[in-house]
*Asks:* 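Attaching a single structure in structure tokens format; questions to follow.
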Amino acid sequence: MPGSSRLPVSLRDTFNARKTIARRQLVAVNLDVLRNIVFILFLLRWTRKLFYQLKGRGITGSVADVYHYTRRALYGIFLRLPGVRTKVQTQVAESILKLERKLVPSGPGVERTVTLPPEGWPDERVRKALVDLEGMEHTRWEDGMVSGAVYHGGDELLRLQTEAFGKFTVSNPIHPDVFPGVRKMEAEVVAMVLSLFNAPDGACGVSTSGGTESILMACLSARQKAYHERGITEPEMILPETAHTAFRKAGEYFKIKIHLVACKAPQYKVHLPSVSRLVNPNTVLLVGSAPNFPHGIIDDITSLSRIAHKKKIPLHVDCCLGSFLVPLLSKAGFESEPFDFKLKGVTSISCDTHKYGFAPKGNSTVLYRSDEYRKYQYFISADWPGGVYASPSIAGSRPGALIAGCWASLVRQGENGYIDACHKIVGSMKKIEGAIREKPELNADLKIVGRPLVSVVAFLSNTLDIYDIADGMGEKGWHLNALQSPPAIHIAVTLPIVAAADKLIADLVEVTEEVREKERKRIAQGKGAKGAVKGDTAALYGVAGSLPNKSVVMDLAKGFLDTLYKA
């Protein structure tokens, strides 16, 4: 039409085609840019990870990590080969069967109750059954033959605890309005423990079911605090390799990456330069022990506090084993080291009242410098149809009877009672340590690990198989703790052991000489020193220490746990 500005069809098609091509090119360019951005972010992420890996572990340490990982993986593949797997499974099954025969009663006269009785038993039958169960053959902890395990405060205290338990059997602190006495006792227990650790104004805490839960809660609090305040989504924590294994459990439960730091001889304390190097933006918690479980060594908490305070990272001190001993060392006349809230970098402490506080088993506390840390371990659900729900720790319902037993123990003992117990327990540890260091019958072959200050003394040997000594002591009725990395034995002194310390030393002298004589005979026969392991302890830990991949040991441990639930 005259005056029309419409383009010819061919020009319009050309224009639209060019427009489509331009649009496609723009999309292609945008995709390229997006791919490049993703690649750069990926590169930056792994470069950052590599940087902090090299910063923390160094080139040599990183190469060693790769080597050990590869070695474990290859050995794991080897163990899964058809012929090898069958043989290993057979041996594991035999070991578990042997364990089951030892732990699970069987044979004539053994009565098992695996279903509810059709009619309830008379009271007297129940009482008789309880007496029989209590009297089952066991290692005589009552005679002081067990390392740790039973932190007994005496028969009089036990009777008082039983009385307190009876008064509060049905109580549950989740209902403070129904059981106001339990709420009051729990708050007072936490306050009394805080006072032992030089807590500042505003310090607070929570009672838990034991040291593991206390440690779990401290780790959860640190993780949540870092997430909410710093946006950390890949949390990491740094701990001594000797720190309680509950920290590793927390890492697995709460997806916190664990960095283990060596505790090198001769001090066996956490290596501070390694701790400092491992700190990075994802670090949410540092850990120190006062003392650690394996060797009874107190880490250099003062230096850890400086690192934590300087880098603005929470520091947790695990005092579960140190309990009521470490805070009272000085008052009992023993050497001590700084470890508590007096150090400004310490933000949380775990303390077991059911160890050297002599409370009934199932009692512990986790303490915080302020509520700025404690609030992150709470669980609160505001929109549950059942109502607003809030709990301070993992458990919901909890036994108020245990809290009553704990409170009764603390007020019954008092500070002087705990100082007296500290004097006896630490004094006995030093007696055992002194015998191993000074007696020629012992110091020729046994060496003390580090410099213990509290209740645990550990020793190793460079000339004898230490696990043979553990088995020899076991044959004499002692139940001591076998350690690994390095192979060693430890004794955790309790009040029952105090009375048996001289017998323990005498038996250790006798067993060491027996093992020494066996080694002399082997050498005389040309068989070489340190023969094949024979006893249960030697077999388990000797094999565990020699395997690069621990899957076999884990299978044995799983079998042990399964056995515990066989009626």
*Asks:* Kindly indicate whether the side chain of Pro452, heavy atoms from C-beta on, has any atom under 4.5 Å from the side chain of His295.
*Replies:*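 With C-beta onward as the side chain, the pair stays apart.
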*Asks:* Is there a side-chain contact between Gln161 and Ser409 (heavy atoms, below 4.5 Å)?
*Replies:*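 A side-chain contact exists here, since the closest heavy-atom pair is under 4.5 Å.
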*Asks:* Between Ser461 (side chain) and Thr463 (backbone), is there a donor-acceptor pair under 3.5 Å?
*Replies:*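 Checking the backbone N and O of Thr463 against the side chain of Ser461, a donor-acceptor pair under 3.5 Å is found.
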*Asks:* Please work out whether the ring planes of His152 and Trp141 are parallel, tilted or perpendicular, with thresholds of 30° and 60°.
*Replies:*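 The rings of His152 and Trp141 sit tilted, inter-plane angle from 30° to 60°.
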*Asks:* Which atoms form the tightest heavy-atom contact between Phe341 and Val346, and what is the distance?
*Replies:*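 Minimum heavy-atom contact is CD2-O, 3.6 Å.
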*Asks:* Would a 4.5 Å heavy-atom cut-off, applied to side chains only, mark Glu236 and Asn280 as touching?
*Replies:*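 SC-SC contact between Glu236 and Asn280 confirmed.
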*Asks:* For Tyr376, enumerate each residue passing the ring-ring contact (aromatic ring centres under 6.0 Å, His included) test, keeping only those at least two apart in sequence or located in another chain.
*Replies:*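 Listed in chain order: His228.
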*Asks:* Taking C-beta and beyond as the side chain, do Pro240 and Val287 meet within less than 4.5 Å on heavy atoms?
*Replies:*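 Of all side-chain heavy-atom pairs linking Val287 with Pro240, at least one is under 4.5 Å.
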*Asks:* Are Val317 and Asp340 close enough that some pair of their side-chain heavy atoms sits under 4.5 Å apart?
*Replies:*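 No, their side chains stay 4.5 Å or more apart.
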*Asks:* Which heavy atom of Val279 sits nearest to which heavy atom of Ile238, and what is that distance?
*Replies:*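 Looking at all heavy atoms of both residues, the closest pair is N-CD1, 3.6 Å.
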*Asks:* Could you walk me through whether Tyr373 and His316 pass the side-chain contact (heavy atoms from CB on, under 4.5 Å) test, one step at a time?
*Replies:* CA-CA 11 Å; Tyr373 298 92; His316 180 80; over 6 Å; no
*Asks:* Verify the neighbour count for atom NE2 of His271: are there more than 12 heavy atoms of other residues, nucleotides or ligands below 6.0 Å?
*Replies:*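 Count over threshold, so yes.
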*Asks:* For the backbone of Pro273 and the side chain of Ser276, can you confirm whether one donor and one acceptor N or O come within less than 3.5 Å of each other?
*Replies:*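 No; zero donor-acceptor contacts below 3.5 Å.
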*Asks:* Between Glu441 and Arg516, does any NZ, NE, NH1 or NH2 come within less than 4.0 Å of an OD or OE carboxylate oxygen?
*Replies:*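 Not counted as a salt bridge, because no side-chain N and carboxylate O are separated by less than 4.0 Å.
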*Asks:* Kindly write out the residues that satisfy ring-ring contact (aromatic ring centres under 6.0 Å, His included) with Phe197, not counting sequence neighbours, or none if the list is empty.
*Replies:*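 Once residues adjacent in sequence are excluded, the partners of Phe197 under the ring-ring contact (aromatic ring centres under 6.0 Å, His included) criterion are Phe339.
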*Asks:* Is the backbone of Val261 close enough, under 3.5 Å, to the side chain of Ser274 for a donor and an acceptor to pair up by distance?
*Replies:*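 Looks like no, no N/O pair under 3.5 Å.
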*Asks:* Inspect the contact between Asp468 and Lys518 and indicate whether a charged nitrogen and a carboxylate oxygen are less than 4.0 angstrom apart.
*Replies:*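 Looking at Asp468 together with Lys518, the answer is no, because their closest N to O distance does not fall below 4.0 Å.
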*Asks:* Ignoring hydrogens, what is the shortest heavy-atom contact between Ser214 and Val366? Give both atom names and the distance.
*Replies:*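 Answer, listing the atom of Ser214 first, then Val366: O-CG2, 3.7 Å.
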*Asks:* Just by distance, no angles: are the side chains of Ser323 and Asp352 close enough, under 3.5 Å, to form a donor-acceptor pair?
*Replies:*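 Their side chains do not contain a donor-acceptor pair, so the 3.5 Å distance test is not met.
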*Asks:* Strictly below 4.0 Å, N to O, side chains only: are Asp155 and Arg159 in salt-bridge contact?
*Replies:*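 No salt bridge links Asp155 with Arg159.
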*Asks:* Is His490 reaching over with its side chain to a backbone N or O of Val456, donor-acceptor style, under 3.5 angstrom?
*Replies:*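 Checking the backbone N and O of Val456 against the side chain of His490, no donor-acceptor pair under 3.5 Å is found.
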*Asks:* For this output row, return yes or no: ring centroids of Tyr151 and Tyr356 closer than 6.0 angstrom.
*Replies:*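 Between Tyr356 and Tyr151, which both carry aromatic rings, the centre distance is below 6.0 Å.
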*Asks:* Within the 3.5 Å criterion, strictly below it, is a donor on His138 or Glu134 matched to an acceptor on the partner's side chain?
*Replies:*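 There is no such pair (donor and acceptor under 3.5 Å, judged by atom type) between the side chains of His138 and Glu134.
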*Asks:* For atom NZ of Lys476, is the number of surrounding heavy atoms from other residues, nucleotides or ligands below 6.0 Å larger than 12?
*Replies:*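 More than 12 heavy atoms, drawn from other residues, nucleotides or ligands, come within 6.0 Å of this atom.
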*Asks:* Please test Arg248 against Glu241 for salt bridge (Lys or Arg N to Asp or Glu O under 4.0 Å), starting from the C-alpha separation and ending with a verdict.
*Replies:* CA-CA 10 Å; Arg248 305 185 193 202; Glu241 62 184 357; over 6 Å; no
*Asks:* Going by atom types only, do Asn292 and Ser289 share a side-chain donor-acceptor pair under 3.5 Å?
*Replies:*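 No donor-acceptor contact under 3.5 Å links the two side chains.
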*Asks:* Is the distance from the ring center of His423 to that of Phe334 below 6.0 Å?
*Replies:*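 Yes, they do, as the ring centres are separated by less than 6.0 Å.
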*Asks:* Look at the side chain of Arg57 and the backbone N and O of Asp65, then say whether any donor-acceptor pair between them is shorter than 3.5 Å.
*Replies:*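 Here the side-chain-to-backbone pair does not exist.
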*Asks:* So, do Ile436 and Leu508 sit near enough that their side-chain heavy atoms are less than 4.5 Å apart?
*Replies:*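 In short, these two side chains touch, coming nearer than 4.5 Å.
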*Asks:* Check whether the side chains of Asp318 and Ser350 place a donor and an acceptor atom closer than 3.5 Å, and report yes or no.
*Replies:*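 Yes, side-chain donor-acceptor contact under 3.5 Å.
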*Asks:* For residues Cys319 and Ile349, report the shortest heavy-atom separation together with the two atoms involved.
*Replies:*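 Shortest heavy-atom contact: CB-CG2, 4.0 Å.
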*Asks:* Under a 4.0 Å threshold between the charged nitrogen and the carboxylate oxygen, would Lys503 count as salt-bridged to Asp507?
*Replies:*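 Yes, Asp507 and Lys503 are salt-bridged.
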*Asks:* Just wondering, are more than 12 heavy atoms of other shown residues or ligands nearer than 6.0 Å to NZ in Lys331?
*Replies:*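 No - once you tally the heavy atoms of other residues, nucleotides and ligands closer than 6.0 Å, there are 12 at most.
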*Asks:* Taking atom types as modelled, find out whether Asn443 and Glu438 have a side-chain donor-acceptor pair closer than 3.5 angstrom.
*Replies:*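 The answer is no; no qualifying pair exists.
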*Asks:* Flag yes if more than 12 heavy atoms outside Lys424 fall under 6.0 Å of its NZ atom; otherwise flag no.
*Replies:*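 Not more than 12 within 6.0 Å, no.
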*Asks:* Do Glu213 and Ser393 get their side chains close enough for a donor-acceptor pair, meaning under 3.5 Å?
*Replies:*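 Note: Glu213 and Ser393 side chains meet the donor-acceptor criterion.
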*Asks:* State, yes or no, whether a side-chain contact exists between Leu453 and Arg451 at a heavy-atom distance under 4.5 Å.
*Replies:*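 Of all side-chain heavy-atom pairs linking Arg451 with Leu453, at least one is under 4.5 Å.
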*Asks:* For the residue pair Ser207 and Thr365, confirm or rule out a side-chain donor-acceptor distance under 3.5 Å.
*Replies:*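 No donor-acceptor contact under 3.5 Å links the two side chains.
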*Asks:* Under the salt bridge (charged side-chain N to carboxylate O under 4.0 Å, His left out) rule, collect the residues that match up with Lys430, sequence neighbours excluded.
*Replies:*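 Applying salt bridge (charged side-chain N to carboxylate O under 4.0 Å, His left out) to Lys430 gives none.
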*Asks:* Quick one, Ile489 and Leu483 - any side-chain contact, counting heavy atoms below 4.5 Å?
*Replies:*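 Answer no - side chains too far apart.
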*Asks:* Taking the six-membered ring of Phe324, is NZ or CZ of Lys355 closer than 6.0 Å to its centre and within 45° of its axis?
*Replies:*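 Judged by the rule, Lys355 and Phe324 form no cation-pi pair.
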*Asks:* Check whether Thr563 reaches the backbone of Gly559 with its side chain - one donor and one acceptor, N or O, closer than 3.5 Å.
*Replies:*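 At least one qualifying donor-acceptor pair exists.
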*Asks:* To the closest 0.5 Å, what do you measure between CG (Asp445) and CG (Leu460)?
*Replies:*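 The CG atom of Asp445 sits 11.5 Å away from the CG atom of Leu460.
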*Asks:* Which heavy atom in Ala492 sits nearest to a heavy atom in Ile497, and how many Å separate them?
*Replies:*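 Taking every non-hydrogen atom into account, O-CD1, 3.4 Å.
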*Asks:* Can you see which heavy atom on Gln377 is nearest to which on Pro392, and at what distance?
*Replies:*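 Scanning both residues, the minimum pair turns out to be NE2-O, 2.6 Å.
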*Asks:* Answer yes or no: are there more than 12 heavy-atom neighbours, outside Glu517 itself, under 6.0 Å from its atom CD?
*Replies:*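 Count over threshold, so yes.
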*Asks:* Hey, is CH2 on Trp478 packed in by over 12 heavy atoms from elsewhere, all under 6.0 Å?
*Replies:*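 Yes - once you tally the heavy atoms of other residues, nucleotides and ligands closer than 6.0 Å, there are more than 12.
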